[in-house]
Amino acid sequence: MSKILIAPSILSADFGNLAAATQMINESHADYIHIDIMDGYFVPNISFGFPVTQAIYRHSKKPLDFHLMINNPDNYLDDCKNSGAKIITVHAEVCTHLNRTLNRIKELGVLAGVALNPHTSAEVLRNVVNDLDLVLIMSVNPGFGGQKFIENTYAKIKEIRQIALDANKEIIVEIDGGVNNENAPSLVEAGANMLVAGNYVFNSINPSQAILSLKNL
Ligand code: DX5
Ligand code: ZN
């Protein structure tokens, strides 16, 4: 079994039956449940809020991976922690004091991640690489599941791996958007070690088998 971490995105699940979706993930080879929080400002969509994430947390046996696609993430870090977050990822584009936000996340005892939109340069990470545990590369424009994968992601993974190497810092490189069993091997080869998958998992005939096919890369 590989060391690649797999995080199915609950955004693509049947919201009418989140307990069943969580149970499926519990019984699968997934490592995390990916939780997408959207505010309708940073991204043109609204997903769900903390009453829903607390319900997922109550049913989940897997750690929760929070991806905050919101304008003021600092205001919601405690809510994430109270919903069982083991990873909290904020977008570099909205954090005026990114170093402070990352340290606040770590003070909560949670892994601290930085997400980059497809157009955001990897170079923004160079001055915070020692403050983060994880980089989430958006491989689609954030806001929706089921979009087409952006090919420039491979080059960005390599740039980020180089920045981490230059700083002698071990990080998780998570890829989010349009991941499937066809592009996953190349993503891992380029240096990714955590894959989010929404549509690929939940639109499969056999979602837990889809998770296993990513885990078995
Ligand atoms: C998109 C979200 C993703 C989304 C991925 O803004 O951040 O986590 O759920 O879904 P797929 O795998 O369908 O692109
Ligand atoms: Zn996400």
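One-based numbering, in listed order, for ligands and for the atoms of each.
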### Summary
Per side-chain contact (heavy atoms from CB on, under 4.5 Å), L217 is matched among N181, I6, L195 by L195
### Message
I want to know whether Y200 and F149 have ring centres closer than 6.0 Å.
### Response
no
### Message
Please enumerate all residues that pass salt bridge (charged side-chain N to carboxylate O under 4.0 Å, His left out) together with D166, with sequence neighbours excluded.
### Response
R126
### Donor-acceptor contact present, side-chain N71 to main-chain Y41, <3.5 Å
no
### Query
Counting no waters, what protein N/O/S atoms lie under 2.8 Å from the Zn ion (ligand 2)?
H34 NE2, D36 OD1, H67 ND1, D176 OD2
### Task
Taking N203 for its side chain and G146 for its backbone only, find out whether a donor-acceptor pair lies under 3.5 Å.
no
### Query
Considering residues at least two apart in sequence or located in another chain, which fulfil the side chain to side chain contact (heavy atoms under 4.5 Å, CB included) criterion with A21?
I10, A13, F202
### Side-chain donor or acceptor of K215 paired with backbone N/O of I4 under 3.5 Å
yes
### Message
At less than 4.0 angstrom from any atom of ligand 1, which residues have a non-hydrogen atom? List them by chain and residue number.
### Response
S9, L11, H34, D36, M38, H67, M69, M138, P142, G143, F144, G145, G146, D176, G177, G178, V196, A197, G198, N199
### Summary
Scanning both residues in full, the closest heavy-atom pair of I88 with K81 reads CD1-N, 4.5 Å
### Side chain to side chain, L68 and H91, heavy atoms closer than 4.5 Å
no
